[in-house]
Amino acid sequence: MPLNLEQQILSIQHILQEIFGYREFRGPQQSIIEHTVAGGDALVLMPTGGGKSLCYQIPAIARQRRGLGITLVISPLIALMHDQVGALLEAGVSAAFLNSTLSGDEAYQVEQRLLRGDLTLLYAAPERVTTPRFLAQLDSLHQRGQLSLFAIDEAHCVSQWGHDFRPEYRALTVLHERYASVPRMALTATADTLTRADILERLQLQDARQFVSSFDRPNISYTIVEKRDATQQLLRFISGEHLGDAGIVYCQSRKRVEEVANLLCDEGIAALPYHAGLDNKVRQANQDQFLRSEGIVMVATIAFGMGIDKPDVRFVAHLDMPKNIEGYYQETGRAGRDGEPADAWMCYGLQDVVNQRRMIDESPAEEAFKQGLRGKLDALLGLSEATDCRRVRLLAYFGEASRPCGNCDNCFSPPAVWDGTDAARKLLSTIYRVQQRDGISYGAVHISDILRGKNTEKILQRGHQSLSTFGLGADFSEQQLRGVLRQLIAIGAVTVDAQAFNTLQLTDASRAVLKGEVAVQLRQSVSTPAARKAKRAGTSAAVKLPAALDLPAQERYLALKAWRAEVAKEHNLPAYVIFHDATLAAIAQRAPQSLDDLQGISGIGAKKLEAYGQQVLRVMAAE
Ligand code: ADP
Ligand code: ZN
């Protein structure tokens with residue numbers, strides 16, 4: 001039976017096309033949206049860039065059109081609400097946010113619109129939502145049947161197992177207790193089983209339907225390299241493959257962020273620092289510039305990035321190893337949201353492992369909790385040391401089976417493997433002997449010096465040249481031994497005692513390795529980076545042009561970009577909120593002469609066609 005006009009307008013397919021200008025739903029979006037429009041509770045697990053926003057925005061529109069009222073979106077990042085709401089307004093959806101950046105008067109205006117039923121979506125931070133004043137307003141809407149849906153974004157913040165616990169999220173149980181009949185959906189890109197169970201319990205979503213998407217991000221290429229001279233390696237990576245691209249470089253400490261940002265600037269790369277120690281204004285300004293300009297590299301601690309929905313971030317680099325795979329995956333997921341090729345590049349070394357271990361050991365948490373953290377760190381180390389497909393490993397971590405991807409460093413050039421079992425035994429036995437003799441242990445450098453038979457001052461001073469393992473490992477390079485040590489630390493056969501100058505200690509698990517019962521397989525260290533596939537040609541510091549366009553189309557593309565920059569500035573919004581690069585490229589390709597020609601280009605909804613159609617045609621006519 002054909003839909004009547006009213007049904008058509010209500011249909012989610014229609015909203016997708018008319019408002020957002022997209023032709024098809026992506027992955028499980030359609031079933032999530034159908035379920036939510038019908039009033040079901042949901043837990044949505046989808047990777048970053050998977051398209052979570054539409055999963056609540058379309059139900060919000062559909063339910064508002066049915067007279068069910070407003071959707072409340074709870075999001076932890078007030079700094080980004082402005083752009084999210086801006087994007088909705090551009091698409092012609094009535095939306096607003098309530099947060100501390102608004103003046104008292106502005107907030108009052110929003111509250112009035114809320115109570116009048118004048119909004120389809122309202123974004124607010126959890127601490128705002130749970131204030132008595134706001135709850136009273138929700139009560140009033142609820143009594144009138146005008147509270148349509150709660151969307152709890154970044155839902156992993158409710159769990160201390162997630163990597164970004166926010167205590168304010170705990171108080172959100174009030175939504176369920178007070179408004180049991182209002183459907184709720186929790187969305188996150190992070191969810192190992194532990195975190196998932198925690199979200200369900202904490203937010204009382206045990207009966208919600210769970211939508212678990214594939215976590216694969218096929219357009220992201222993964223590379224993990226061993227640290228030598230990290231900043232030089234980073235520089236080579238950026239200048240070799242990403243000049244002129246927007247990217248994020250994650251560093252462990254604030255100091256390092258500053259250093260690296262300066263270094264990149266010295267090399268002519270437009271880089272900005274971001275960390276919690278910077279003045280609030282500076283931080284905000286740097287973030288704005290990253291979002292609004294093209295080709296900026298943000299050098300940051302993990303304080304940066306949650307909720308950053310800039311679609312054209314072409315690379316995410318980790319200069320230091322993150323804490324765990326969840327964090328790594330979430331951070332790398334900020335690359336390539338637009339589906340175009342992007343890189344995740346990480347550099348890791350023994351010191352990273354030692355530092356992370358120390359942070360865990362020194363934290364005041366309970367032992368069982370620390371044990372969990374150590375396990376997570378080991379899993380990431382395992383990924384770093386892996387000699388098989390990175391993606392297969394990553395997905396397996398999230399419980400997903402897959403085949404070698406052909407788009408990671410190990411797939412491009414399978415690394416040689418060497419058997420480190422013998423080296424591992426010799427290392428352990430050196431640690432054992434020194435400990436036996438001196439009653440104390442030593443750090444990694446000294447232990448491997450003994451094994452390699454180096455006559456350092458320290459060795460001669462302490463008489464360690466007479467140990468039976470002295471020089472037994474002369475054939476191993478320092479690099480190799482460091483690799484072996486990382487593995488031993490990873491499997492728990494060696495611990496690093498942070499209380500005693502990072503000395504190496506044996507554990508119960510050492511015995512099996514000493515006896516040769518555990519095989520230690522290692523990546524062959526390569527002194528030059530493996531030849532990487534040239535993924536995109538024509539890298540230059542100038543504006544990147546879509547390779548598929550012919551010359552006249554490229555000129556149209558550049559003209560459109562210049563026009564878009566003007567509009568974005570006028571509206572105080574990032575350029576991608578006006579149109580994505582891919583939309584501009586499609587327009588340039590089509591060379592439209594009439595509004596009709598613009599119809600059906602992905603990313604041009606009805607409101608945007610109306611607002612910008614004529615302007616675009618004028619830009620085209622001038623070319
Ligand atoms: P997430 O919140 O899951 O990280 P977003 O909701 O920000 O992802 O979506 C990522 C990008 O994909 C956005 O730029 C969005 O406009 C785009 N997108 C989402 N769904 C679709 C779709 N069905 N068709 C085309 N583009 C989409
Ligand atoms: Zn692979």
Side-chain angles (χ1 to χ4, degrees), residues 12-13 15-17 19-33 44-58 73 75 77 80 83-84 87-88 90-91 93 151 153-156 185 187-191 211 213-224 291 305-313 329-340 342 344 383 386-396 402-415 530 532-533 574-583 586 601-605 608:
I12 60 173
Q13 184 72 37
I15 295 173
L16 179 74
Q17 286 170 359
I19 310 260
F20 297 96
Y22 297 139
R23 250 161 298 175
E24 287 162 4
F25 285 108
R26 219 190 245 171
Q29 277 176 337
Q30 182 163 356
S31 37
I32 297 169
I33 293 170
V44 173
L45 307 182
M46 212 184 248
T48 315
K52 281 185 288 300
S53 321
L54 285 192
C55 294
Y56 56 81
Q57 289 169 349
I58 292 183
V73 184
S75 158
L77 277 188
L80 292 153
D83 291 350
Q84 281 159 0
L88 283 167
E90 285 291 321
V93 181
D153 207 2
E154 312 285 0
H156 60 275
M185 86 193 299
L187 307 104
T188 175
T190 308
F211 296 89
S213 312
S214 166
F215 265 61
D216 191 16
R217 297 286 309 280
N219 60 316
I220 298 183
S221 176
Y222 299 93
T223 299
I224 302 179
L291 293 176
M306 207 197 351
I308 292 285
D309 51 6
K310 187 174 166 63
D312 56 354
V313 175
Y329 205 62
Q330 178 119 11
E331 283 142 29
T332 55
R334 293 173 186 141
R337 277 171 189 253
D338 53 10
E340 301 293 317
L383 169 75
T387 52
D388 50 0
C389 176
R390 308 276 191 200
R391 193 181 315 269
V392 168
R393 291 241 173 185
L394 278 168
L395 293 176
S402 64
R403 298 173 160 279
C405 70
N407 190 22
C408 73
D409 53 352
N410 287 352
C411 282
F412 287 141
S413 43
R532 289 172 54 85
K533 237 173 72 171
Y576 60 82
V577 169
I578 310 299
F579 283 127
H580 282 188
D581 287 356
T583 304
I601 290 180
S602 178
I604 308 187
K608 288 193 179 174

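Both ligands and their constituent atoms are indexed starting at 1 by order of listing.
- No part of F20 comes within 4.0 Å of ligand 1, judged by heavy-atom distances.
- Counting heavy atoms under 4.0 Å from ligand 1, residue M46 does not touch it at all.
- Here is the list of ligand 1 atoms found below 4.0 Å of a heavy atom in T48: 4 (O).
- Taking a cutoff of 4.0 Å between a charged side-chain nitrogen and a carboxylate oxygen, D153 and K52 do not qualify as a salt bridge.
- Contact check on R391 versus D216 returns a salt bridge, with a Lys/Arg side-chain nitrogen under 4.0 Å from an Asp/Glu carboxylate oxygen.
- For P47, the heavy-atom gap to ligand 1 drops under 4.0 angstrom.
- Remark: the Y576 side chain and the D309 side chain contain an N/O donor-acceptor pair separated by less than 3.5 Å.
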Exercise. Can F412 and S221 be said to form a side chain to side chain contact (heavy atoms under 4.5 Å, CB included), step by step?
Worked result: CA-CA 10 Å; F412 287 141; S221 176; 3.7 Å; yes
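- Summarising the geometry of K310 relative to R337, their closest heavy-atom pair is O-CD, 3.8 Å, with the distance given to 0.1 Å.
- Taking CZ of R217 as the reference point, atom CG of L395 lies at 11.5 Å (rounded to 0.5 Å).
- In this structure, SG of C389 and SG of C408 enclose an angle of 120° at the Zn ion (ligand 2), rounded to 10°.
- At a 3.5 angstrom cut-off on N or O pairs, D309 does not count as close to ligand 1.
- Atom 7 (O) of ligand 1 has as its closest protein heavy atom R337 NH1, 3.2 Å.
- Summarising the geometry of P47 relative to A189, their closest heavy-atom pair is C-CB, 4.0 Å, with the distance given to 0.1 Å.
- Of the candidates K310, R23, Q29, it is Q29 that places a heavy atom closest to atom 20 (N) of ligand 1.
- Inclusion of Y22 in the set of residues having an N or O under 3.5 Å from an N or O of ligand 1 is warranted.
- The nearest heavy-atom contact from the protein to atom 9 (O) of ligand 1 is G51 CA, 3.4 Å.
- Closest to atom 14 (O) of ligand 1, if we only count protein heavy atoms, is H580 CE1, 2.9 Å.
- Given atom 6 (O) of ligand 1, the protein heavy atom at minimum distance is S53 OG, 2.6 Å.
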For this session: Start with the C-alpha distance between F211 and L45, add both sets of side-chain angles, then the distance that settles side chain to side chain contact (heavy atoms under 4.5 Å, CB included), and finish with yes or no.
Result: CA-CA 6 Å; F211 296 89; L45 307 182; over 6 Å; no
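- When heavy-atom distances to ligand 1 are checked against a 4.0 Å cut-off, E24 comes that close only through its backbone atoms N, CA, C and O.
- In summary, the atoms of ligand 1 found under 4.0 Å from a heavy atom of F25, numbered by their order in the structure, are 23 (N).
- Between the CG atom of L88 and the CG atom of D83 there is a distance of 11.5 Å, given to the nearest 0.5 Å.
- Shortest non-hydrogen contact noted between L383 and R390 is O-NH1, 2.7 Å.
- Looking at ligand 1, you'll find an N or O of G49 within less than 3.5 Å of one of its N or O atoms.
- Closest to atom 12 (O) of ligand 1, if we only count protein heavy atoms, is R26 NH1, 3.1 Å.
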